[in-house]
Asker: 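Starting off with a structure, shown below.
Chain letters run A, B, ... following the sequence lines, proteins first, then strands; residues in each count from 1.
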Amino acid sequence: MLVLSRKKGESIQIGEDIEIQVVSIQGDQIKIGITAPRSIEIHRKEVYQEIQSENTSAARGITDLLKIIPKTNKQ
Amino acid sequence: MRLQTKYHGEIEWDQDLKWAFENGIPGFPEEKEFIILPLPENEVFMIMQSLKSPDIAFVLTSPFSFFTDYEFELDVQTIESLEIETEEDVQVMVILTVHEPFSKTTANLQAPIIINIKNNKSKQVVLNDKKYKTKHLLLSENYEKVKE
């Protein structure tokens, strides 16, 4: 991993069109501003990992699904 | 064409309805096309089956009958990438993690599936609203209503 030191207000440029700026620093919390094309998805990593992991659990599925799931035909 | 599926065995599929996920969904980046299969005697739940992988399928439901105050704002990025023109063209579904007994089943309200019904472009959107998590019990007081 490339590690760079930056001060408040300074930025990192990634490629042509992604900029990451240190907006503010308070104690152990850093606010980061990201400028990127709309096609680039940006997520808090732990949130994204949780979605991945929940999708994996959901896809694991369940044998006998058809028996477990309630029948809901409208009368 | 004949298609192997996770819950329906081998089926004949006529290729009319197919949801297209340009980048797959989180955890499944290679699954870019899903078809929707109904469940027998069931109008509330359905299966979203990967076209490519027979063993990848999700149970979906529309969230609004279970979570009546569920609401969120779609981000501009999603609206543009799905080419959404009006709200009426948007269908919202959520993925269920089914457990036995079914009363322990949870719904992922943090990452709903958004479909533009005009062009079938789809995306699993990750919401930033802290109200919504990946595991909301689907049934609580609603259980009896669904069972009947």
Asker: Should the pair B:Lys121-B:Glu83 be classified as a salt bridge under the 4.0 Å nitrogen-to-oxygen rule?
Answerer: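 Yes, this pair counts.
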Asker: With a 4.5 angstrom heavy-atom cut-off, which part of A:Leu66 approaches chain B: side chain, backbone, both or neither?
Answerer: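 Contact with chain B is through the side chain of A:Leu66 alone.
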Asker: What part of B:Lys133 lies closer than 4.5 angstrom to a heavy atom of chain A: side chain, backbone, both or neither?
Answerer: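 Nothing of B:Lys133, per the 4.5 Å heavy-atom cut-off to chain A.
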Asker: I'd like to know if B:Lys52 and B:Glu33 make a salt bridge, using a cut-off of under 4.0 Å between side-chain N and carboxylate O.
Answerer: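 No salt bridge links B:Lys52 with B:Glu33.
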Asker: State plainly whether the residues B:Glu88 and B:Lys118 are in salt-bridge range, i.e. N to O under 4.0 Å.
Answerer: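 B:Lys118 and B:Glu88: not salt-bridged.
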Asker: What I want to find out is whether A:Arg38 reaches B:Glu80 closely enough, with some N-O distance under 4.0 Å, to be called a salt bridge.
Answerer: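 Between B:Glu80 and A:Arg38 there is a salt bridge, with a charged N closer than 4.0 Å to a carboxylate O.
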Asker: Side chain, backbone, both or neither: which part of B:Ser81 has an atom under 4.5 Å from a heavy atom of chain A?
Answerer: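 Neither part; nothing is under 4.5 Å.
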Asker: At a heavy-atom separation under 4.5 Å, does A:Gln49 approach chain B through its side chain, its backbone, both, or neither?
Answerer: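 No part of A:Gln49 comes within 4.5 Å of chain B.
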Asker: Measure up the B:Phe45 and B:Phe66 rings against each other and bin them: parallel (under 30°), tilted (30 to 60°), perpendicular (over 60°).
Answerer: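 Taking B:Phe66 first and then B:Phe45, their aromatic rings lie parallel (interplane angle under 30°).
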Asker: Where does B:Thr105 contact chain A at under 4.5 Å (heavy atoms): side chain, backbone, both or neither?
Answerer: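 For B:Thr105, neither part sits under 4.5 Å from chain A.
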Asker: For A:Ile40, which atoms come within 4.5 Å of any heavy atom of chain B: side chain, backbone, both, or neither?
Answerer: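 The backbone, not the side chain.
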Asker: Using heavy-atom distances under 4.5 Å, tell me whether B:Asp55 contacts chain A through its side chain, its backbone, both, or neither.
Answerer: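 Contact with chain A: backbone only.
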Asker: Pick one of side chain, backbone, both or neither for B:Leu96, based on which atoms fall under 4.5 Å of a heavy atom in chain A.
Answerer: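 The backbone, not the side chain.
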Asker: Under 4.5 Å heavy-atom distance to chain B, tell me which part of A:Arg44 shows up: side chain, backbone, both or neither.
Answerer: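 When you check distances to chain B, only side chain atoms of A:Arg44 fall under 4.5 Å.
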Asker: Under 3.5 Å, is there a donor on one side chain and an acceptor on the other for B:Glu10 and B:Gln4?
Answerer: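 There is such a pair between these side chains.
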Asker: Take the angle between the ring planes of A:Tyr48 and A:His43 and call it parallel below 30°, perpendicular above 60°, tilted in between.
Answerer: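 Answer is parallel, since the angle falls under 30°.
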